[in-house]
Amino acid sequence: MNKIILLGRLVRDPEVRYTQTGKVVCQFTLAVDRPYSNQDGQREADFIPVVLWGKPAETCGNSVTKGQRVLVEGRVQTRSYDAKDGSKRYVTEVIASNFEFIERKADSQGAPARSSSAPTNGGMETFGSAVPFDEDIPF
């Protein structure tokens, strides 16, 4: 089985283009945080190229911008090509079948910048007050 699900932020605005046969394709790079910190205590990220085809590609290109968080579901694909200098090059990318908006444009554009060590609760700031850990939950 070849299935991948990624949650990350767009490194730059998606690039949308049309093939010679008229199919729409959208390409972008997703920065996905690693689940641990390095020796200096800083979080690291992987930068993963993503390709999206068809109507979802058009929607993505028209709706998301650099810095927005998106959820991508798809498969990993490796391909090769011959470079202009005659060498063989390999590319590994995610071919997305679905993507979902995690935040609206206004959320990512108006949000204050956070340091990588600042705590975050995944965009749930507007869902009421936090319950202390030792407090009884009413259900």
Side-chain angles (χ1 to χ4, degrees):
M1 179 186 305
N2 183 354
K3 185 170 186 166
I4 188 167
I5 299 172
L6 300 170
L7 174 64
R9 291 191 182 276
L10 270 70
V11 173
R12 60 183 158 276
D13 290 346
E15 297 175 22
V16 178
R17 60 184 172 81
Y18 292 85
T19 65
Q20 293 176 348
T21 59
K23 293 184 179 184
V24 64
V25 60
C26 178
Q27 294 179 299
F28 55 90
T29 301
L30 204 59
V32 180
D33 287 334
R34 291 182 179 171
Y36 53 86
S37 300
N38 65 15
Q39 293 175 348
D40 299 329
Q42 296 179 341
R43 298 288 300 260
E44 293 181 352
D46 292 301
F47 297 89
I48 302 169
V50 178
V51 179
L52 188 60
W53 292 89
K55 183 67 174 167
E58 196 168 6
T59 303
C60 179
N62 292 331
S63 304
V64 297
T65 58
K66 175 183 176 178
Q68 280 186 269
R69 289 179 14 160
V70 295
L71 182 74
V72 173
E73 178 182 357
R75 62 185 170 83
V76 176
Q77 176 177 292
T78 303
R79 60 184 172 85
S80 64
Y81 65 94
D82 294 324
K84 291 180 182 178
D85 64 0
S87 63
K88 191 166 201 117
R89 304 282 171 96
Y90 294 92
V91 178
T92 301
E93 57 199 359
V94 172
I95 306 301
S97 54
N98 296 311
F99 87 100
E100 292 184 26
F101 305 108
I102 301 301
E103 62 188 7
R104 297 171 296 196
K105 284 184 182 180
D107 291 343
S108 63
Q109 292 172 352
R114 294 184 188 169
S115 69
S116 60
S117 62
T120 178
N121 58 1
M124 299 295 205
E125 293 89 1
T126 61
F127 287 101
S129 61
V131 176
F133 181 71
D134 61 357
E135 189 171 308
D136 288 334
I137 299 176
F139 52 84

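In this chain, numbering begins with 1 at the start of the sequence shown.
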Donor-acceptor contact present, side-chain Ser97 to main-chain Glu73, <3.5 Å = yes
Do any N or O atoms from the side chain of Ser63 and from the backbone of Thr59 form a donor-acceptor pair under 3.5 angstrom?
-> yes
Report the C-alpha separation of Val64 and Phe101 in whole Å, then their side-chain angles, then the decisive distance to 0.1 Å, and conclude whether the side chain to side chain contact (heavy atoms under 4.5 Å, CB included) test is met.
-> CA-CA 8 Å; Val64 297; Phe101 305 108; 3.3 Å; yes
Look at the side chain of Gln68 and the backbone N and O of Thr65, then say whether any donor-acceptor pair between them is shorter than 3.5 Å.
-> yes
Does one hydrophobic cluster hold both Ile4 and Ile95, with members joined at side-chain heavy-atom distances below 4.5 Å?
-> no
Of the non-hydrogen atoms in Asp33 and Ala45, which two are nearest, and what is the gap between them?
-> OD1-CB, 3.9 Å
How long is the gap from OH on Tyr18 to CD on Glu58, to the nearest 0.5 Å?
-> 4.0 Å
Rounded to the nearest 0.5 Å, what separation is found between the NZ atom of Lys84 and the CZ atom of Arg89?
-> 11.0 Å
Does Thr78 reach the side chain of Val91, with side-chain heavy atoms less than 4.5 Å apart?
-> no
Report yes or no: does Asn2 contribute a side-chain atom to a donor-acceptor pair with the main-chain N or O of Arg75 at less than 3.5 Å?
-> no
Quick check: does any side chain N or O of Asp82 sit under 3.5 Å from a backbone N or O of Gly86, one acting as donor and the other as acceptor?
-> no
Looking at CZ of Arg12 and CD of Gln27, how far apart are the two atoms once the value is rounded to the nearest 0.5 Å?
-> 10.0 Å
Quick one: CG on Leu10 to CZ on Phe28, what's the gap to the nearest 0.5 Å?
-> 5.5 Å
What is the minimum heavy-atom distance between Gly67 and Arg9, and which atoms define it?
-> O-NH1, 2.7 Å
Partner of Val72 under side-chain contact (heavy atoms from CB on, under 4.5 Å), picked from Val94, Ile48, Leu52, is Val94
To the nearest 0.5 Å, atom CG of Leu71 lies from atom CG of Leu7 at 6.0 Å
Will you find, in the side chains of Gln77 and Arg79, an N or O donor that is under 3.5 Å from an N or O acceptor?
-> no
Which pair of heavy atoms, one from Glu93 and one from Val51, lies closest together, and at what distance?
-> OE1-CG2, 3.6 Å
Value for SG (Cys60) from CH2 (Trp53), rounded to nearest 0.5 Å, stands at 14.0 Å
Between Phe99 and Pro56, the two heavy atoms sitting closest are CE2-O, 3.4 Å
Report the C-alpha separation of Val16 and Val25 in whole Å, then their side-chain angles, then the decisive distance to 0.1 Å, and conclude whether the side chain to side chain contact (heavy atoms under 4.5 Å, CB included) test is met.
-> CA-CA 6 Å; Val16 178; Val25 60; over 6 Å; no
State plainly whether the residues Arg34 and Asp46 are in salt-bridge range, i.e. N to O under 4.0 Å.
-> yes
When every non-hydrogen atom of Pro35 is compared with those of Arg43, the smallest separation belongs to CA-NH2, 3.9 Å
With distance as the sole test, does Asp85 use its side chain to make a donor-acceptor pair with the main-chain N or O of Ser87 at under 3.5 Å?
-> yes
Closest non-hydrogen atoms of Gly61 and Cys26, given as atom of the first, atom of the second and distance, are N-SG, 4.2 Å
